[in-house]
Structures are given as structure tokens and as C-alpha cells.
Amino acid sequence: MEYKFPALYFETTRLCNLQCPMCMTGSNDAKRVKAAKPRELSFEEIRDLVLLPAKRLGVEAVGWSGGEFLLRKDALRLVRLGSELGYQCKICSNCELLTRELLCELKEATGGNLTIAVGLNSIDVRNEWSRDATPDRTLEVLALCDELKIDRHVIVTISKDNADSFADTVDYLVKRRISYNRSPYSARGSGCDRFRQFAFDGNDLKERFHPVLRRSVNGYVSYTPFFLSPELHAEVSGGVRNGTVPHNPPIGCWVGTWLAVNAEGDVSVCPVLLDSLRAGNVREKPLDRLVAESELFARLLDRSQLKGRCGECRYQYTCGGCRAMAYYHTGDYMAEDPTCFFNPADKETVSEHEEETNRLFKKYLIVARHVGLYKRPARTRDVKGVRT
């Protein structure tokens, strides 16, 4: 099966210079980091087994992450290579190493085609417990990027811990025109120890998070439930799909949009599921061949197989439910998303939020086109209300 993915999330190292209690990469497990270090992919392996094959999968953007990616001695060389291969570069960092000088070097290495992505779970003191850096340090780096004209992005991991502050955090970002995405707190890395305590539930999503996510295009990168009319997406996209997952632009669950690779070369369908669901290793097969022959990818990219409410929902394809939440709560990655608050009677049941979702989605198309996630088919010029 031939698949296409717009983005690659690459955890190139488990090394980290800070100890985050909610880390979901295993980078604060000293024994695991020490054991993994000799198995990290080399520069040449990254080039030959990941970056070159990823071009054949349609990947246009690489998110360099870790641990702390910038601790790799060849980090700048890798960024330069990615840029030479035509990739958009997004560096995910805990901010501690991001000096003005290094930011300038990174900007030069990428020809300015650079996004700095930082974690900010809350703009108040709760961020210090759940993230590596203090809010002040993170906001300082965001301001420095703005001064240097470097694109900024924020990853907000949502959990019960930041439910009360989420709206204030998003308002802060929106007012400064900073894009963001929500990432669900999951049982990965150190998150395993606190998952039952801090994982959000359907009520948290309905009352605290979802109303905030719905009201701004800044966070339309990915979230669920996503109540977009399947007819509208089919119309504006020209029917472009990855398996059965709608693309052009991608929406809803991350699965089908992202490829994820860890430091040792294991491949998964989603950054949040990396280390839990593996499709194989790039040392066994180059990335594009591994994906094409993977039963895991074939199943997860066929949303007709979704179970429970997700399989009986009008938004089965335009949302798909969060596969990570399905897996971490039930052990079955094709199960219904237990954190979803929508309870359709059948596939004819329309969400009260569909009209609002459709309206904002039309505005999001402008943003998606600007960042390369949307290419307008000729016939979308006649779609009422779509300005692309």
C-alpha cells in the first residue's frame, strides 16, 4: 500500500539536560538512557534510512526532538542536511540551550525555514512541575524568536493538572499569534506513573479543553473530537486521503498525518504512541518500505475498522477519535476513544458543534495553505464561503 505523510517526528536522542516529572520520552530514566545511547542512529543512518526514504513518503517537515535534540553533537549538521534535502525544520526543545547565538546559527543553517517548538503546559507556576523549564524561561525564548523573526510553536500537554489554566494559556498564545497544538497526557515514559491520576476524561474535555480548542484556528493542527462535516472536507480537499484518513489538510487524530521515529530507529504511527506501538525498525528496512509493508499502518490508516462509538459516528473519518487515548485506556488502538463526550445514536447524528467547526475550518484553510498543509484543487473555487 502506498501512503503519504506530511510530517516526521524524530526523537533523535534520549539524552536530556533536565528532569521533567511528566516526561513522555523516557529521557529521565537514567538506566534506559545509558542503555540506549550506543544504539542511537548515526548521522549516516539518519540520512540513508530515514531522511532520504521519507522524501518518497511525501514528508515535507521534520520535527527534531528528543530528549533534548540540541545535545547531539551533530545537531546543527543534521539540521543543515534536512534543509539541504528540502525539509521544513521544526526543533522541539526545552529551551535551556537556546541562546541568541544558537538560534541565529539554526536560522542560518535552515535558510530561515525554521520553527522553534517549545512545551508550555501553563503560563502559571504549574508549568514548573509538568515541564522542564520555568514559564519565564520558555516565554523568554518565544520572545527572542519573535525578535529574530523565527517561527514559534507551542506544545500544550493537556491533563487534569492544567485544565483550569488552559484557557488562559491559549488566550496568551492567540493574542501573540503563536500557533499551538494540544498533546494528550499519556502513559509513556514517566507519564506511566501518573497516568491514572492526571489523565483527562470526557468531562474535562467537554467542559474545559474542547470549548477552548474550538474557538481559534491557531490550535487546529490536531485535536479530537473534531466535528467537521465529512462532505465539506471532501469538497475542499478533492478527496485526498492517506488510506481512509482525510488529508489536504489533515485533521482530527494525528494517526495518518505523522510518522514517528525514536533514537534507536523504531517507527510508529504517532509521536504519542512511539515506544508502545512499533511497526519495525529502519535498520531492518528503509522507512518507506517499512511503512508500506506494515500491518500496523495498514490497520490504523483504515478508519472503517474503528470500533464502538468511533465506528458508528458521522465523524468517523474526519475525526477518528484519539488512537492514543483508545490504546492507553483500553489496550486496543482501534477501540472507541473513551475520552470523547459525543454519543451519536447513529451515523446520521449531527453534533451541535458541526456548524461552528465548519465555519472556523474555512478560515483555517488560509493558514494551512500558507504553511503547506493544503493545496487547493481547482474545483474548490466554487465552494461557498471558502476563501483560499
According to a hydrophobic-cluster definition based on side-chain heavy atoms being under 4.5 Å apart (Ile, Leu, Val, Met, Phe, Trp, Tyr only), do V240 and L232 belong together?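 Cluster IDs for V240 and L232 differ.
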Would you say [Y] and [X] are linked by a side-chain donor-acceptor pair, where the criterion is simply a distance under 3.5 Å?
X    : Y    : answer
Y328 : S276 : yes
H329 : D337 : no
T13  : E68  : no

Does E348, at its CD atom, have more than 12 non-hydrogen atoms belonging to other residues, nucleotides or ligands within less than 6.0 Å? no
Assess whether atom NZ of K375 is packed by more than 12 heavy atoms of other residues, nucleotides or ligands within 6.0 Å. no
Could you tell me whether [X] and [Y] have a side-chain N and a carboxylate O separated by less than 4.0 Å?
X    : Y    : result
R278 : E284 : no
D275 : R14  : yes
R80  : E105 : no
E295 : R299 : no
D201 : K160 : yes

Is there side-chain contact between T115 and I91, with heavy atoms separated by less than 4.5 Å? no
Report the C-alpha distance between R137 and E140 in whole Å, list the side-chain angles of each, state the deciding distance to 0.1 Å, and finish with yes or no for salt bridge (Lys or Arg N to Asp or Glu O under 4.0 Å). CA-CA 5 Å; R137 174 57 183 154; E140 179 184 335; 3.2 Å; yes
Can you name the closest pair of heavy atoms from R56 and K4 and give their distance? O-NZ, 3.2 Å
Shortest non-hydrogen contact from N218 toward I178: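 Nearest pair, atom of N218 first, then I178: ND2-O, 3.4 Å.
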